[in-house]
Peer 1: 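Okay, handing you the structure first.
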Amino acid sequence: MKIVTIVGARPQFVKAAVVSRALRKTRGLREVLIHTGQHYDRNMSGRFFDELKIPLPDYNLGVGSGNHGAQTGRMLGLIEEVLLKEKPDWMLVYGDTNSTLAGTLAAAKLHIPIAHVEAGLRSFNRQMPEEINRVMTDHVSEILFAPTEVAVVNLANEGISGKSVVLVGDVMCDAAKFYSARAAETSSILKQLGRRKKEYALATIHRAENTDALPRLKIILAGLGRAAREIPIVLPLHPRTRHAVQQAKLKIPAGLQIIEPVGYLDMIELERNASVIATDSGGVQKEAYFHRVPCVTLRDETEWTELVASGWNRLCGVKSPMQLAKLIISSVGKNGQDVNLYGGGQAAELIVRRITTWKC
Ligand code: UD1
Ligand code: UDP
């Protein structure tokens, strides 16, 4: 059996790291890895392949950045060429990026069955490019690997149910479990940054809704600046956000320690030693919970509603700097319930088993 996997953006490298390992342990199965090139800086891509020992891509399409249509369109044509040559039995896609959508469309048109990892997530906000990508992908996938029960219900509400929907847990939980010990052994990021355990907060910002709307970006930076008067904040800055800050010539408030994006092992160390995490990232919201750190989400809604329900995550919205700072500070020490939300770290194994035994 031959499976083509599509990756392109940072969170997909983390997800593919665990699933690719499980795939390549399976006899009679060959994975062909396509990197679309959506993310390409060393800190956003190459470093993940090296540190997480992800097999080198068989194809790097080098698509790079661009407007949604142009970027997705370039990927679509190039992925189609690879699929025509490789003739795989399956297409495996992750999450909700433009790389996901391009892989999905290319495969669907060639009648190659699609397995979607992280299916059924919904923000119910169609302004988000990710929401469009995930809805489209779910509706043409053969197997939908749902990470949560909420995702299963979301799919059922759109008429997708039955044997094609498989609740497997979250592959990011597998990754956090697998790499935590290695992170503890190898990362010296706290020392490098001059930070002590539980004496700083960690923040990330990259969502288009926060970076492309200047008023929101200003509120977030000012809010983090206020919070940083009480607790220093480490902010590994996504290139999208760096460009937005530079373009608008925004001043970085004192107390915010801006650094380049870090590798996944350093990120684990930063996350689990933070006293609180403020983020608009999907993956980082979950990782805060994996490492049992309270999280404040800098968005108006989240797909990971079980984190809010169990008290690990507080939805902040982006209303005023004061409100944002208050919520960050007051969240320190506010742990949620002791619940198991994302499976036991076996999602990758379950995914591989289901694909290899699937009967259409
Ligand atoms: C993409 C995904 C988003 C995901 C995020 C993970 C889409 C629509 N969005 O958003 O769902 O949460 O990845 O990080 O697919 N850039 C660089 N170097 C890089 C990559 C990007 O400088 O290596 C800059 C470019 O200016 C680019 C901008 O970041 O235009 C945005 O990159 P893009 O991949 O389009 O979207 P992300 O915001 O990264
Ligand atoms: N991440 C990382 N370094 C960073 C920021 C994030 O390794 O500087 C990791 C993070 O631990 C998580 C993934 O990247 O595993 C999340 O990616 P991102 O926030 O870019 O995207 P999202 O999950 O929102 O789609």
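We count ligands from 1, going down the list as the structure has it; atoms in each ligand are counted the same way. This one's a predicted model, so the numbers in the text were calculated from it and none came from an experiment.
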Peer 1: Looking only at protein heavy atoms, which one is nearest to atom 16 (C) of ligand 2, and what is the separation?
Peer 2: Ser281 OG, 3.9 Å
Peer 1: Around atom CE of Met44, are there more than 12 heavy atoms from other residues, nucleotides or ligands closer than 6.0 Å?
Peer 2: yes
Peer 1: Quick check: are there more than 12 heavy atoms from other residues, nucleotides or ligands sitting under 6.0 Å from CZ of Arg354?
Peer 2: no
Peer 1: Which one of Phe13, Tyr179, Phe48 has a non-hydrogen atom at the shortest distance from atom 7 (O) of ligand 2?
Peer 2: Phe48
Peer 1: Counting only heavy atoms closer than 4.0 Å, does ligand 2 sit against the backbone of Glu271, its side chain, both, or neither?
Peer 2: side chain
Peer 1: Looking at every heavy atom in both Leu121 and Asn154, which two are closest together, and how far apart are they?
Peer 2: C-ND2, 4.4 Å
Peer 1: Checking a contact table here: which protein heavy atom is nearest atom 11 (O) of ligand 2, and how many Å away?
Peer 2: Glu287 OE1, 2.6 Å
Peer 1: Should you measure from each heavy atom of Pro236, which atoms of ligand 2 turn up under 4.0 Å away?
Peer 2: 8 (O)
Peer 1: Against heavy atoms of Tyr264, which atoms of ligand 2 measure under 4.0 Å?
Peer 2: 7 (O), 11 (O), 15 (O)
Peer 1: Does Lys198, at its NZ atom, have more than 12 non-hydrogen atoms belonging to other residues, nucleotides or ligands within less than 6.0 Å?
Peer 2: yes
Peer 1: Classify the contact between His39 and ligand 1 as side chain, backbone, both or neither, using a heavy-atom distance cut-off of under 4.0 Å.
Peer 2: both
Peer 1: Which option wins on minimum heavy-atom distance to atom 4 (C) of ligand 1: Glu131, His206, Gln12, Arg10?
Peer 2: His206
Peer 1: Suppose we measure from atom 8 (O) of ligand 2 to each protein heavy atom; which comes out shortest, and what is that distance?
Peer 2: Val262 N, 3.0 Å
Peer 1: What residue and heavy atom of the protein are closest to atom 8 (C) of ligand 1, and at what distance?
Peer 2: Asn98 OD1, 3.4 Å
Peer 1: Based purely on interatomic distance, does Val14 place a nitrogen or oxygen under 3.5 Å from a nitrogen or oxygen of ligand 2?
Peer 2: no
Peer 1: Mark up the atoms of ligand 1 that fall under 4.0 Å of a heavy atom belonging to His238, in ascending order.
Peer 2: 14 (O), 37 (P), 38 (O), 39 (O)
Peer 1: What protein heavy atom is closest to atom 4 (C) of ligand 2, reported as residue, atom name and distance in Å?
Peer 2: Arg10 NH1, 3.2 Å
Peer 1: For Trp358, is the NZ or CZ atom of Lys163 found under 6.0 angstrom from the centre of its six-membered ring and inside 45 degrees of the ring axis?
Peer 2: yes
Peer 1: Please identify which atoms of ligand 1 are closer than 4.0 Å to at least one heavy atom of His68.
Peer 2: 8 (C)
Peer 1: Does even one non-hydrogen atom of Met172 get within less than 4.0 Å of ligand 2?
Peer 2: yes
Peer 1: To the closest 0.5 Å, what do you measure between CG (Asn157) and CZ (Arg122)?
Peer 2: 10.0 Å
Peer 1: Look at Arg207 together with Asp300 and state whether they make a salt bridge at an N to O cut-off of under 4.0 Å.
Peer 2: no
Peer 1: Among all protein heavy atoms, pick out the one at the shortest distance from atom 1 (N) of ligand 2; state its residue, atom name and that distance to 0.1 Å.
Peer 2: Met267 CG, 3.8 Å
Peer 1: Can you confirm if the NZ or CZ of Arg292 lies within 45° of the ring axis of Phe290 and under 6.0 Å from the centre of its six-membered ring?
Peer 2: no
Peer 1: Which of the atoms in ligand 1, numbered in the order shown and given with their element, are less than 4.0 Å from a heavy-atom of Met44?
Peer 2: 23 (O)
Peer 1: Are the charged groups of Lys25 and Glu349 less than 4.0 angstrom apart, N to O?
Peer 2: yes
Peer 1: Under 4.0 Å, counting heavy atoms only: does Arg242 come that close to any atom of ligand 1?
Peer 2: no
Peer 1: At their closest point, which heavy atom of Gly103 faces which heavy atom of Met91, and how far apart are they?
Peer 2: O-CE, 3.4 Å
Peer 1: Give the contacting part of Pro11 toward ligand 1: side chain, backbone, both or neither, where contact means a heavy-atom distance below 4.0 Å.
Peer 2: side chain
Peer 1: Atom 23 (O) of ligand 2: which protein heavy atom is closest, and how many Å away?
Peer 2: Gly283 N, 2.8 Å
Peer 1: At what distance is the nearest protein heavy atom to atom 19 (C) of ligand 1, and which residue and atom is it?
Peer 2: Tyr40 CZ, 3.6 Å
Peer 1: From Leu101 CG over to Met136 CE, what is the distance, rounded to the nearest 0.5 angstrom?
Peer 2: 5.5 Å
Peer 1: Check each atom of ligand 2 against the heavy atoms of Pro261 and keep those under 4.0 Å away; list them by number with element.
Peer 2: 8 (O)
Peer 1: Counting from 1, what ligand 2 atoms have a heavy atom of Gly263 closer than 4.0 Å?
Peer 2: 7 (O)
Peer 1: Please find the pair of heavy atoms, one from Ile233 and one from Leu224, that lie closest to each other, and give the distance.
Peer 2: CD1-O, 3.4 Å
Peer 1: What part of Arg240, side chain from CB on, backbone N/CA/C/O, both or neither, has a heavy atom under 4.0 Å from ligand 1?
Peer 2: both
Peer 1: Starting from atom 27 (C) of ligand 1, which protein heavy atom do you reach first, and at what distance in Å?
Peer 2: Ser65 OG, 3.3 Å
Peer 1: Measuring from atom CG of Leu217 to atom CG of Asn210, what distance do you get when rounded to the nearest 0.5 angstrom?
Peer 2: 7.5 Å
Peer 1: Look at atom 18 (N) of ligand 1 and say which protein heavy atom is nearest, naming residue and atom and giving the distance to 0.1 Å.
Peer 2: Asp41 OD2, 3.0 Å
Peer 1: Would you mind checking which non-hydrogen protein atom is closest to atom 9 (N) of ligand 1, with the distance to 0.1 Å?
Peer 2: Glu130 OE2, 3.7 Å
Peer 1: Could you walk me through whether Tyr264 and Phe13 pass the ring pair (Phe, Tyr, Trp, His ring centres under 6.0 Å) test, one step at a time?
Peer 2: CA-CA 10 Å; Tyr264 182 64; Phe13 308 139; over 10 Å; no
Peer 1: When rounded to the nearest 0.5 angstrom, what is the spacing between OG in Ser65 and CG in Asp41?
Peer 2: 8.0 Å
Peer 1: For Lys109, does the NZ atom have more than 12 heavy-atom neighbours from other residues, nucleotides or ligands under 6.0 Å away?
Peer 2: no
Peer 1: To the nearest 0.1 Å, how far is atom 21 (O) of ligand 2 from its closest protein heavy atom, and which atom is that?
Peer 2: Pro11 CG, 3.5 Å
Peer 1: Does the plane of the ring in His238 sit parallel, tilted or perpendicular to the ring in His39? Use 30° and 60° as the thresholds.
Peer 2: perpendicular
Peer 1: Closest non-hydrogen protein atom to atom 26 (O) of ligand 1, residue and atom name please, with distance?
Peer 2: His243 ND1, 2.9 Å
Peer 1: List the closest protein heavy-atom neighbour of atom 33 (P) of ligand 1: residue, atom name, distance to the nearest 0.1 Å.
Peer 2: Gln38 NE2, 3.9 Å
Peer 1: Which residue owns the protein heavy atom closest to atom 35 (O) of ligand 1, what's the atom, and how far is it?
Peer 2: Gln71 NE2, 3.8 Å
Peer 1: Do you know which two heavy atoms are closest between Leu76 and Ala102, and how far apart they sit?
Peer 2: CD1-O, 3.7 Å
Peer 1: Does the residue Arg207 have a heavy-atom contact with ligand 2, meaning some pair of atoms that are separated by less than 4.0 Å?
Peer 2: yes
